[in-house]
Amino acid sequence: MSVSFCGLELAHPVINASGTFDLIAADTAFGASLHAEFPFAAFVSKTITLEPREGNPPPRLWEAPAGLVNSIGLPNKGLEGYLAYELPVLAELLAAAHAPLITNVMGSSAAEIAQLLTACETRVEIAAVELNVSCPNIETGLDIGADPTQLEAVVREVRPHSSKPLIVKLTPNTADVASCAAAAEAGGADAVSLINTLRAMALEQARDRATGRRAWLGGSTGGLSGPAIRAVALAQVAAVARRVSIPVVGMGGVQCAQHARDLLDVGATLVAVGTESFRDPCAGRHIALGLHS
Amino acid sequence: MSVSFCGLELAHPVINASGTFDLIAADTAFGASLHAEFPFAAFVSKTITLEPREGNPPPRLWEAPAGLVNSIGLPNKGLEGYLAYELPVLAELLAAAHAPLITNVMGSSAAEIAQLLTACETRVEIAAVELNVSCPNIETGLDIGADPTQLEAVVREVRPHSSKPLIVKLTPNTADVASCAAAAEAGGADAVSLINTLRAMALEQARDRATGRRAWLGGSTGGLSGPAIRAVALAQVAAVARRVSIPVVGMGGVQCAQHARDLLDVGATLVAVGTESFRDPCAGRHIALGLHS
Amino acid sequence: MRRKLTVIGNRKLGAYNVLTLADPAGPRPQPGQFSMLAAVADWGGGQDERPHLPRAFSVARWHDGEAHYLLEDVGPGTHRLCALQVGEEVWALGPLGRGFALPVAGQRAILVGGGVGIAPLVILQDQLLRHDDATVPPVVLLGFRDRARAQGATLLQGAQIATDDGAFGHRGLVTDLLARELGEDPQAVVYACGPAPMLEATRAMCAVRGVPARLALESGMACGFGACFGCVVPTRDGYLRVCIDGPVIDAERLVRVDAHAGAPE
Amino acid sequence: MRRKLTVIGNRKLGAYNVLTLADPAGPRPQPGQFSMLAAVADWGGGQDERPHLPRAFSVARWHDGEAHYLLEDVGPGTHRLCALQVGEEVWALGPLGRGFALPVAGQRAILVGGGVGIAPLVILQDQLLRHDDATVPPVVLLGFRDRARAQGATLLQGAQIATDDGAFGHRGLVTDLLARELGEDPQAVVYACGPAPMLEATRAMCAVRGVPARLALESGMACGFGACFGCVVPTRDGYLRVCIDGPVIDAERLVRVDAHAGAPE
Ligand SMILES: Cc1cc2nc3c(=O)[nH]c(=O)nc-3n(C[C@H](O)[C@H](O)[C@H](O)COP(=O)(O)OP(=O)(O)OC[C@H]3O[C@@H](n4cnc5c(N)ncnc54)[C@H](O)[C@@H]3O)c2cc1C
Ligand SMILES: Cc1cc2nc3c(=O)[nH]c(=O)nc-3n(C[C@H](O)[C@H](O)[C@H](O)COP(=O)(O)OP(=O)(O)OC[C@H]3O[C@@H](n4cnc5c(N)ncnc54)[C@H](O)[C@@H]3O)c2cc1C
Ligand SMILES: Cc1cc2nc3c(=O)[nH]c(=O)nc-3n(C[C@H](O)[C@H](O)[C@H](O)COP(=O)(O)O)c2cc1C
Ligand SMILES: Cc1cc2nc3c(=O)[nH]c(=O)nc-3n(C[C@H](O)[C@H](O)[C@H](O)COP(=O)(O)O)c2cc1C
Ligand code: FES
Ligand code: FES
């Protein structure tokens, strides 16, 4: 069951999807029982940006048919805060679990991303970096990851700033995700991960005389995750795995070992669990055990 | 409740989604009771192509969480067969229902589309034409509708060949559907409709020693529809309605009047019902009545 | 159109369930016709958030406004329907599709059923026995995987039975029994419903002997009334929709029975 | 971690349900803590194919391995939970979050509850009455929309009640009663849970009088353990996650109670 991924030796192929598991909070909530059945073979941080972000105003969640629309807005302490306060704690928690740390970063320009990678470079606690070029719930303006040419240029420009494995997390909100994956590979990515959430929205139920009906989510639009997107994820992961020769991290609606098996069978090397962890914090572990048997 | 759309006066804003209701078959199956409670204010044909198409080999259906993945492959008698055999029957059935006919066509080039429009031009039974530039379940190669520049050029080129209202049915499998809608408008479209199905796939459950696990669908990939895509549809329809000034036909996972109301409230003029008609052939009628009250 | 019906019975019959719905207003079905059924409550939310679409079931029996269905729990849809309690409600659309053309006077009908595929043969036998000029009593040949499933045979009269494991009746395939019957009377007409391999064997056997066979096919369906084009099977004249061109189809229209065109195995 | 618990009771109490789960292995919750609950079977497939995620509920009572919850049916999740039969199973994660800090010796506790928001006050009163040095008995003020909801008050002892329609007790708002109590004893400490407007009125009232108030907030949650960042409320020091930084929060940390941070109205 153990698997090697970009030079990392992992106990099994199941990790968390970025932004869907706060290890420090989970440790507070569950303590020893979390470590007794640690769910992931590697841990991916939430997206870290150069500057601190408060995130979007509430409401941030909308439950959709067999899924969830979120408009969290990437709240984080910012690069400095992350390195100073979170990284040491994460590293300590993960050492116990023998799970390497993958830090997920996002920047709105190559220069910004280069800064983020450079900062990560100096920290041994960080085993790999995941570059989020696909965040649908920030004010629009095309995602960097939505256009292959733009994506390849950015990856090529930032690549030299990191000697660590670089995973490019693609956006699913694009015409041809396989071309985007190929562009990331050409730019120098060591792996790609997908799918991120599908751009989605919801309306408040009540109709206000003055304003009519406003968007339910404080961030107006959000991203759809969970079982609802599983068949879309499988198609995108299959298309990407056929196209690139670097390893692929597949995710999207994975709830059980069978769903993980599907992604592995179409070519994924690792599988990430997101929304299902909200229903069961130990979902990752149960899935890994299920794959085992 | 009556609404005017591209010069057509409709009894209510609910129509069918192309390819999800075969009026001739429904008439055979239900006869009088269908006409007693006719579900749609206008009827959209399935996609018609220049040449006849057999469609994809079975299996063609995969039930997904709160949705359906289909890989039908646009079977149709071809332009000649449609005009000769289906159109007269449709026209007669629709006359009784006082519902105008919208013929949905698809071509792989501007020339082909022009031919289709020209043929429709001569037939008074056809009140409007819907141009499908967004069919995900034909062998890939970017959809015409996925790239704004390409789309605008095609629409501009074919526009002169039709004096009937021209509705461009956009593809949701694109980075920026609003720009595609704006391109269609710039090219001369009288309206846009969305969303079509999201590219998706499924695997057969059994693992074959020789072949491993193959795609479940005969067409390999398919398109996801139904409640699972409703929140994605709402986001895309809202983005498009904000961008263009031509009317918008909204669809995607509509099951009840509330879902239709959501689409109308973000700017749609008409709402189309697809997958829900499979669960209840009269869904369109119940939704229209629900909007009424 | 779609009717909301009340469950008035749902009894276990070996490995199967017999679901009975009160359907006073429903039209009388022809043998071989089917309905699309869905529970009104809790349809969805099962394994993988399914079922979402209604499911197709042959009418197994019909008298004075009561419709009987024979169900096998093979997945989330049938699982939910098998769990229905008396008094719960079901959405029903039907009867749908083309049923069996009856034998001409004097012609002997051989009914060949496999597993839960025996359902449409029950109502067909009912009709043939009711039929005045059915001078020749139909022959009934049924095949099952095991003893629990063989219980289904109690729904028909005078059935000869085969089981894979020999737990009941002939050890082997129902088509072994069919071969014998056809040998005795090549003038018969065959009515068959069951798993794809059984239907294909029946088709081939009848083809060589020039015996007409009417096969009740199955296929994954979304709508049941010709709307989705999802239920097609390949035939000599291209793809046909099982729901409106079938489910009963003359065997000679098929080159072979598609692997997906049979009842659950 | 998530535990599979058996329903041992689910009785109607006016407009509410009292759901009792056998939880022998579960840790003893602090008053104000909550659990994420989901039915093991048929969780999903309700209105709009929901619920999908578990739902948060305050522990209303806990003794010898039995956990009690007070539920109001306001949507698909609570609807399913209110329909649970004895013997059915529930996934439970918890106890979660930060509960109420107890009053210091001699300090008088005023419990202010609105609607189903009275739930955490039940277990709080249980604890205060058990507490040896609780020389000063807590004051209990409860507000409800109508008589059916006012039934919830029977879960607490010596409650003063207000109803919007005056059907029961004081006609008007529970905060009218609070104003009176605070007038009598500005040295009290207030514990409140209920709809956002009630919590905001309570916060404002206590702020002007300099009375400490501990508010049990609510918010739409996906996870309940800090994973999703979906349950935030604005505070003086930015957004806080209700599930791990709360649900109980000192009123002075809030400029005002967010419109989405209260119990169902
Ligand atoms: C005309 C007709 C008459 C029928 N009559 C009867 C009858 O009388 N009694 C009876 O018991 N059955 C009958 N059937 C079969 C019955 O409709 C199916 O067994 C039923 O639809 C299964 O639904 P399910 O959810 O229980 O199982 P499913 O999970 O749908 O599994 C059933 C089969 O569908 C495939 N499948 C698995 N997962 C999926 C998926 N996600 N999407 C699509 N396909 C999938 C597999 O091949 C599986 O074996 C009939 C079918 C037809 C077409
Ligand atoms: C810490 C805490 C403790 C709680 N304690 C209790 C308790 O003891 N007893 C109790 O009855 N309740 C309690 N609640 C509230 C309870 O969790 C909610 O009422 C429940 O989650 C509602 O779920 P539902 O599916 O029944 O209703 P929903 O349909 O979720 O509706 C509930 C509210 O959510 C919003 N909403 C509507 N649709 C959606 C959607 N699709 N996605 C997101 N939001 C939507 C609306 O504002 C609606 O009023 C508590 C909540 C928290 C956070
Ligand atoms: C609440 C929430 C927060 C998320 N935050 C992030 C994030 O910070 N960075 C990121 O790259 N993806 C983020 N995602 C996307 C997930 O990592 C994942 O790509 C997506 O949810 C699909 O997987 P799932 O269906 O298993 O949830 C988030 C998803 C959710 C639901
Ligand atoms: C079985 C099936 C067949 C379809 N065929 C067509 C088609 O021929 N032409 C077309 O433009 N869209 C076709 N569609 C897409 C629908 O018109 C509609 O855009 C989509 O299903 C979303 O709506 P819904 O969620 O209400 O089904 C088809 C969809 C389904 C499910
Ligand atoms: S089931 Fe839809 S066409 Fe046959
Ligand atoms: S509910 Fe997920 S962080 Fe609070």
Side-chain angles (χ1 to χ4, degrees), chain B residues 16-17 19-30 32-34 36-37 39 46 52-76 202 204-205 216-218 222 225-228 255 274-283 285-286, chain C residues 1-4 25 27 33-38 40 43-56 75-77 91-98 217-235 237-245 258-261:
Chain B
N16 66 301
T20 66
F21 205 93
D22 181 330
L23 198 54
I24 298 170
D27 179 59
T28 313
F30 307 125
S33 56
L34 172 69
E37 25 184 2
K46 74 167 95 71
R53 295 171 55 97
E54 274 231 296
N56 292 333
R60 291 179 169 186
L61 302 170
W62 177 261
E63 191 179 55
L68 169 67
V69 180
N70 86 82
S71 177
I72 307 300
L74 305 178
N76 75 94
E204 60 184 5
Q205 295 119 307
W216 166 259
L217 297 166
S225 65
Q255 297 181 281
T275 303
E276 187 64 9
S277 295
F278 301 157
R279 293 167 26 115
D280 175 7
C282 278
R285 180 186 180 80
H286 299 138
Chain C
M1 282 303 162
R2 195 170 73 147
R3 305 186 297 286
K4 198 186 263 184
Q33 285 193 298
F34 68 98
S35 301
M36 297 298 286
L37 302 182
V40 169
W43 192 251
Q47 183 223 339
D48 286 347
E49 310 296 325
R50 300 170 53 218
H52 178 61
L53 298 157
R55 301 297 195 244
W91 284 117
L93 184 72
L96 297 164
R98 301 186 180 182
L217 303 180
E218 297 190 7
S219 172
M221 294 186 169
C223 71
F225 58 95
C228 74
F229 282 77
C231 62
V232 298
V233 292
T235 70
D237 11 275
Y239 290 127
L240 288 187
R241 284 169 286 181
V242 170
C243 68
I244 55 161
D245 302 318
D258 184 80
H260 290 101

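Residue numbering restarts at 1 for every chain, and letters A, B, ... go by the order of the sequence lines.
In this structure, the portion of B:Phe30 lying under 4.5 Å from any heavy atom of chain C is its side chain and not its backbone. With a 4.5 Å cut-off on non-hydrogen atoms, B:Pro75 touches chain C through its side chain but not through its backbone. Looking at C:Arg98, neither its backbone nor its side chain comes within 4.5 Å of chain B, counting heavy atoms on both sides. Using a 4.5 Å cut-off between heavy atoms, C:Met1 touches chain B through backbone and side chain atoms alike. Residue contact with chain B, scored on non-hydrogen atoms closer than 4.5 Å, involves the backbone and the side chain of C:Pro51 alike. Neither the backbone nor the side chain of B:Leu23 comes within contact range of chain C; no heavy atoms are under 4.5 Å apart. Only the side chain of C:Leu93 comes within contact range of chain B, with at least one heavy atom under 4.5 Å from a heavy atom of that chain.
Per-residue counts of heavy-atom pairs under 4.5 Å with chain C were compared for B:Ala29, B:Ala36, B:Ala64, B:Ser33; the largest is that of B:Ser33. When each of C:Ala227, C:Ala38, C:Gly224, C:Gly97 is checked for heavy-atom pairs under 4.5 Å with chain B, C:Ala227 comes out on top. Contacts with chain B were tallied for C:Pro76, C:Ala222, C:Gly220; C:Ala222 has the most, counting heavy-atom pairs under 4.5 Å. Put simply, of B:Pro227, B:Gly218, B:Gly274, the one with the most heavy-atom pairs under 4.5 Å next to chain C is B:Pro227.
With rounding to the nearest 0.5 Å, the separation of CG in B:Leu217 from CD in B:Glu204 is 11.0 Å. The CD atom of B:Gln205 sits 6.0 Å away from the CH2 atom of B:Trp216 when rounded to the nearest 0.5 Å. Atoms OG1 and CZ, on B:Thr20 and B:Phe278 in that order, are 5.0 Å from each other to the nearest 0.5 Å.
For C:Trp43 (side chain) and C:Gly77 (main-chain N/O), no donor-acceptor pair under 3.5 Å exists by modelled atom type. A side-chain donor-acceptor contact under 3.5 Å links B:Glu63 to the backbone of C:His52. For the pair C:Ser219 (side chain) and C:Cys231 (backbone), a donor-acceptor distance under 3.5 Å is present.
By the salt bridge (Lys or Arg N to Asp or Glu O under 4.0 Å) test, C:Arg2 is found to be paired with B:Asp280, residues two or more places apart in sequence or in another chain being considered. In terms of the side chain to side chain donor-acceptor pair (under 3.5 Å) criterion, C:Gln47 has no residue partners (sequence neighbours excluded).
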